[in-house]
Protein chains: 2
Amino acid sequence: MEKEVTIYDIAKELSISPTTVSRGLNNHPAVNKNTKQKIIDVASQMGYRSNTFASKLRKQRTNTIGVIVPRLDSNFQSCVMAGMEKVANEAGYNLIISQSLETVQKEIANARTMFDNRVDGLLVSIAYDTENIDHFEPFFSKGIPVLFYDRVPEHKKCTSIVIDNIQAAYKATAHLVEQGCSNIVHISGNLKVNVYKDRLKGFKYALMDSDLPFSESSVITTNLNEEAGIQAAKQILQMNPRPDGIFVANDNCAVSCVKTLKQAGVRIPEDIAVVGFNNDPITRVIEPNLTSVDYPGNEMGEVAVRSLINYLDGMSDVSLTNTITLRSELVVRESTTRTGATGAVAP
Amino acid sequence: MEKEVTIYDIAKELSISPTTVSRGLNNHPAVNKNTKQKIIDVASQMGYRSNTFASKLRKQRTNTIGVIVPRLDSNFQSCVMAGMEKVANEAGYNLIISQSLETVQKEIANARTMFDNRVDGLLVSIAYDTENIDHFEPFFSKGIPVLFYDRVPEHKKCTSIVIDNIQAAYKATAHLVEQGCSNIVHISGNLKVNVYKDRLKGFKYALMDSDLPFSESSVITTNLNEEAGIQAAKQILQMNPRPDGIFVANDNCAVSCVKTLKQAGVRIPEDIAVVGFNNDPITRVIEPNLTSVDYPGNEMGEVAVRSLINYLDGMSDVSLTNTITLRSELVVRESTTRTGATGAVAP
DNA sequence: TTGTACGCGTTATCAC
DNA sequence: GTGATAACGCGTACAA
């Protein structure tokens with residue numbers, strides 16, 4: 001491991017001061033064009049690399065954004081990450097990413113690491129069992145912006161980026177009603193999590209507005225994974241009268257549910273129409289193609305980072321907007337198209 | 001923004017030296033139990049957080065691993081990331097992740113950033129059009145370990161983590177032959193990329209060993225996305241004689257290809273049997289379920305980080321092992337099961 | 001336009 | 001078991 005080249009070495013080489021070298025490398029306006037070019041040349045020729053730690057220690061800015069995500073290996077979250085990385089990269093920020101693996105303990109530990117790493121800002125989608133946000137208190141009290149996205153806490157003072165889950169669920173359910181469903185079941189996730197709670201609300205509201213009865217027994221609470229879809233389907237097959245519509249809070253679960261129902265001889269959408277949520281690529285693979293709520297993961301990531309950076313650069317208003325709501329949209333496909341004549345069928 | 005608490009503040013508070021405080025906080029053996037406890041208490045009480053930059057500046061170790069990945073929003077890569085994050089996190093390392101978006105230019109820029117951020121090591125899966133690895137030269141010459149995974153360069157001196165793509169493709173093709181296919185087409189990706197080049201090789205070898213003729217016209221080179229699968233299917237439908245087997249170099253493309261073939265009335269697997277690659281979740285959604293090569297993304301990520309850290313800790317041999325090959329496995333499903341009696345059908 | 005001198009917060013080294 | 005001191009490499013107020 002050879003010795004690192006520093007601005008002092010460059011300075012010595014050119015018989016100028018380290019200050020000028022520093023300025024030259026940072027595009028400081030008050031530095032001679034020629035000098036600057038020489039500095040840059042010698043720097044690259046000597047294999048100089050800026051020591052970001054020294055720099056970050058000196059400036060109190062790290063150009064680093066922390067991300068805490070429940071899991072990286074989900075289609076939605078990886079789209080979010082992709083969007084975040086793109087914007088962050090373009091703006092010269094680094095991303096430190098960590099997973100909570102759906103547990104508060106890890107989320108707390110990760111928050112601590114992010115704090116110690118002095119991230120300029122933090123982006124969080126909270127874990128299943130996160131019930132309070134005390135572990136972000138250090139950020140709040142230091143004025144470090146924390147921006148929640150998708151899975152956001154109840155806490156009113158949090159800045160969040162979400163879609164209108166109530167409205168989206170409402171539309172999904174209303175669509176089922178339009179297709180003639182009158183006995184609709186909702187397969188939901190952990191109801192402590194805002195997104196699932198809100199989807200349930202939208203489901204209820206839509207039933208109410210259609211003068212359809214709502215009963216607790218028409219909500220199946222699961223963890224929304226593949227296995228859950230199978231179990232839910234079995235449960236539905238036992239129901240009497242059998243439901244004619246299902247609104248599932250995520251596509252993964254919806255797909256395994258559909259598969260199980262089909263195996264049992266249920267015709268989709270004729271016997272039971274099904275709507276999912278997320279618009280994952282699998283919606284276009286399952287037969288029949290699954291109607292779903294398009295949920296812009298990439299965009300959510302981009303907006304999250306962009307908002308954060310704008311705030312950090314002082315370019316937005318003093319405080320972050322309290323809630324940013326992205327558009328979402330019901331994409332109608334065959335799993336709910338009974339007449340073959342309703343709505344625009346997406347590719 | 002209040003003033004940050006430093007070890008000096010803690011030292012003053014306890015009337016001891018900063019040195020002792022530093023030691024106390026770092027579990028240095030030679031420090032009195034009581035003193036240590038006091039230090040820890042006062043530190044947390046004063047809201048102290050270690051300044052990692054000062055620390056990293058002083059020690060010449062950053063505990064940071066850089067990752068350069070083509071795209072984050074692919075099922076395979078997000079599984080890899082998940083595995084990497086898990087191991088890195090447990091070992092106290094941070095991950096800085098960036099995407100090349102399949103272009104060398106971004107890959108070069110990202111490498112530079114990683115270099116400036118003085119990552120302790122680098123993990124790379126190279127972009128489509130990366131033809132040489134000069135941009136990693138700075139790492140090599142500084143002795144910073146660079147570990148390539150999945151998409152690795154030709155360069156002999158690179159340390160890589162891969163699966164045996166030749167063998168996997170061989171098995172996939174041989175399986176098609178066993179099922180009675182004698183006119184097999186291979187849908188491949190950019191042949192400059194090792195994984196696709198090797199899969200083509202395995203395809204050829206298997207044909208040779210089965211005494212089946214190989215012709216260039218039975219290889220369709222695409223970019224392996226959804227649209228490519230549709231185009232490839234159309235091309236196949238035009239072929240005369242029509243092939244009875246297809247080996248596709250990735251699942252995404254295989255799925256859209258199957259869909260298109262089915263729409264054209266082709267029976268899978270009776271008319272054409274199809275094998276994919278990656279064992280993405282969609283293989284179990286498409287009908288018929290797709291036979292595919294199981295490709296351990298999570299494990300690859302874990303192994304990559306673990307190898308790197310072992311090396312950094314000096315726990316493995318002096319140099320990184322040149323190539324680590326992970327097991328891969330053909331998972332037989334309905335898309336190739338003609339008799340219904342061959343091989344173990346996966347769930 | 002350039003240079004001098006200091007401090008950012010930590011840890012390694014040496015001395016006690 | 002503890003402390004004084006220097007150094008890591010950079011950016012910036014101030015001076016010239």
Side-chain angles (χ1 to χ4, degrees), chain A residues 1-40 42-43 46-64 92 113 115-120 142, chain B residues 1-40 42-43 46-64 92 113 115-120 142:
Chain A
M1 194 89 67
E2 317 124 51
K3 182 92 174 47
E4 293 280 347
V5 179
T6 73
I7 52 173
Y8 288 90
D9 301 320
I10 301 177
K12 201 170 293 173
E13 184 73 21
L14 287 168
S15 307
I16 56 179
S17 84
T19 308
T20 307
V21 175
S22 172
R23 289 202 265 253
L25 293 169
N26 290 295
N27 287 316
H28 190 102
V31 58
N32 187 296
K33 271 248 172 193
N34 288 331
T35 325
K36 182 179 155 185
Q37 193 54 52
K38 268 188 225 155
I39 292 169
I40 292 176
V42 172
M46 294 180 74
Y48 168 80
R49 60 168 165 171
S50 145
N51 186 321
T52 53
F53 302 118
S55 168
K56 286 170 180 174
L57 175 59
R58 187 55 241 257
K59 308 190 291 196
Q60 297 277 16
R61 187 82 182 276
T62 69
N63 267 250
T64 299
T113 308
F115 191 66
D116 287 349
N117 274 286
R118 285 171 160 65
V119 294
D120 290 337
K142 274 243 158 37
Chain B
M1 196 87 66
E2 317 123 49
K3 183 89 174 43
E4 292 281 347
V5 179
T6 74
I7 52 173
Y8 285 91
D9 302 321
I10 300 176
K12 201 171 292 171
E13 185 72 20
L14 286 168
S15 307
I16 57 177
S17 83
T19 308
T20 306
V21 175
S22 172
R23 287 203 265 254
L25 293 169
N26 289 294
N27 287 316
H28 190 103
V31 57
N32 186 296
K33 271 246 170 193
N34 288 331
T35 324
K36 182 179 157 188
Q37 194 54 52
K38 269 188 222 152
I39 292 169
I40 292 176
V42 172
M46 295 179 74
Y48 168 80
R49 59 169 166 171
S50 141
N51 187 321
T52 54
F53 302 119
S55 170
K56 286 169 179 173
L57 175 58
R58 190 55 242 252
K59 309 192 287 196
Q60 298 272 17
R61 188 83 180 276
T62 68
N63 266 250
T64 299
T113 308
F115 190 66
D116 287 349
N117 273 287
R118 285 171 160 64
V119 294
D120 289 337
K142 274 242 157 37

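In what follows, every chain begins at residue 1, and chains take the letters A, B, ... in the order their sequences are listed.
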- In whole Å, what is the span from the CG atom of N63(A) to the P atom of dG11(D)? 12 Å
- Message: Looking at Q60(B), I'd like to know whether one of its side-chain N or O atoms comes within less than 4.0 Å of OP1 or OP2 on dT11(C).
- Response: no
- Please state how far atom CZ in F53(B) lies from atom C1' in dT11(C), giving the value in whole angstrom units. 17 Å
- Query: With sequence neighbours excluded, what pairs up with R61(B) under the salt bridge (Lys or Arg N to Asp or Glu O under 4.0 Å) test?
  - Reply: D120(B), D313(B)
- Any chance you could lay out the side chain to side chain contact (heavy atoms under 4.5 Å, CB included) test for E13(B) and D9(B), step after step, and finish with the verdict? CA-CA 6 Å; E13(B) 185 72 20; D9(B) 302 321; over 6 Å; no
- Message: Go nucleotide by nucleotide along DNA chain D from the 5' end; which of R118(B) and N32(B) gets its closest nucleotide reached first?
- Response: N32(B)
- Query: Hey, mind stepping through T35(A) and T20(A) against side chain to side chain contact (heavy atoms under 4.5 Å, CB included) and telling me if it holds?
  - Reply: CA-CA 9 Å; T35(A) 325; T20(A) 307; 4.1 Å; yes
- dC8(D) P sits how many Å from L57(A) CG, rounded? 14 Å
- Message: Please pick, from dT10(C), dC10(D), dT2(C), the nucleotide with the shortest atom-to-atom distance to any side-chain atom of Y8(A).
- Response: dC10(D)
- Should T62(B) and F53(A) count as side-chain neighbours, where that means a heavy-atom distance under 4.5 Å? yes
- Message: Applying a 4.0 Å non-hydrogen cut-off, can you work out what T52(A) is touching in the nucleic acid: base, sugar-phosphate, or nothing?
- Response: nothing
- Query: N26(B) side chain N/O closer than 4.0 Å to the phosphate oxygens (OP1, OP2) of dT11(C)?
  - Reply: yes
- Starting at atom CZ of R61(B), determine the distance to atom P of dA12(C), rounded to an integer number of angstrom. 13 Å
- Note on the structure: Of the candidates dC10(D), dG3(C), dC8(D), the side chain of Y48(A) sits closest to dC10(D)
- Under 4.5 Å between any side-chain heavy atoms of K38(A) and N32(A), yes or no? no
- Task: In sequence, state the C-alpha distance, the side-chain angles, and the governing distance for K36(A) and N27(A), and then conclude on side-chain hydrogen bond (donor to acceptor under 3.5 Å, both in side chains).
- Result: CA-CA 8 Å; K36(A) 182 179 155 185; N27(A) 287 316; 2.9 Å; yes
- Query: Counting only side-chain N and O atoms of S17(B), is one of them less than 4.0 Å from OP1 or OP2 of dG3(D)?
  - Reply: yes
- Query: Rounded to the nearest Å, what distance is computed from the CG atom of residue N51(A) to the C1' atom of nucleotide dG9(C)?
  - Reply: 14 Å
Listed pairs, N/O of protein and of nucleotides 12-16 of chain D, under 3.5 Å:
{"residue": "dT12(D)", "atom": "O4", "partner": "T19(A)", "partner atom": "OG1", "Å": "3.3"}

- Query: Looking at the side chain of A30(B), which of dG9(D), dT2(D), dT10(C) is the nearest nucleotide?
  - Reply: dT2(D)
- Note on the structure: Rounded to whole Å, the CD1-P distance (I10(B) to dG3(D)) equals 14 Å
- Query: In whole angstroms, how far is the P atom of dA7(D) from the CD atom of E4(A)?
  - Reply: 19 Å
- Message: Can you work out whether R49(A) or K33(B) has the more 5'-proximal nearest nucleotide on DNA chain D?
- Response: K33(B)
- Task: For A54(B) and for H28(A), locate the closest nucleotide of DNA chain C by heavy-atom distance; then report the residue assigned to the nucleotide nearer the 5' terminus.
- Result: H28(A)
- Item | Gap between atom CG of L57(B) and atom OG1 of T52(B) - 0.5 Å precision | 11.0 Å
- Item | Phosphate OP1/OP2 of dT2(D): any T35(B) side-chain N/O under 4.0 Å | yes
- Spacing between I7(B) atom CD1 and dT11(C) atom P, to the nearest angstrom: 6 Å
- Item | side chain to side chain contact (heavy atoms under 4.5 Å, CB included) between L14(B) and I39(B), worked out | CA-CA 8 Å; L14(B) 286 168; I39(B) 292 169; 3.9 Å; yes
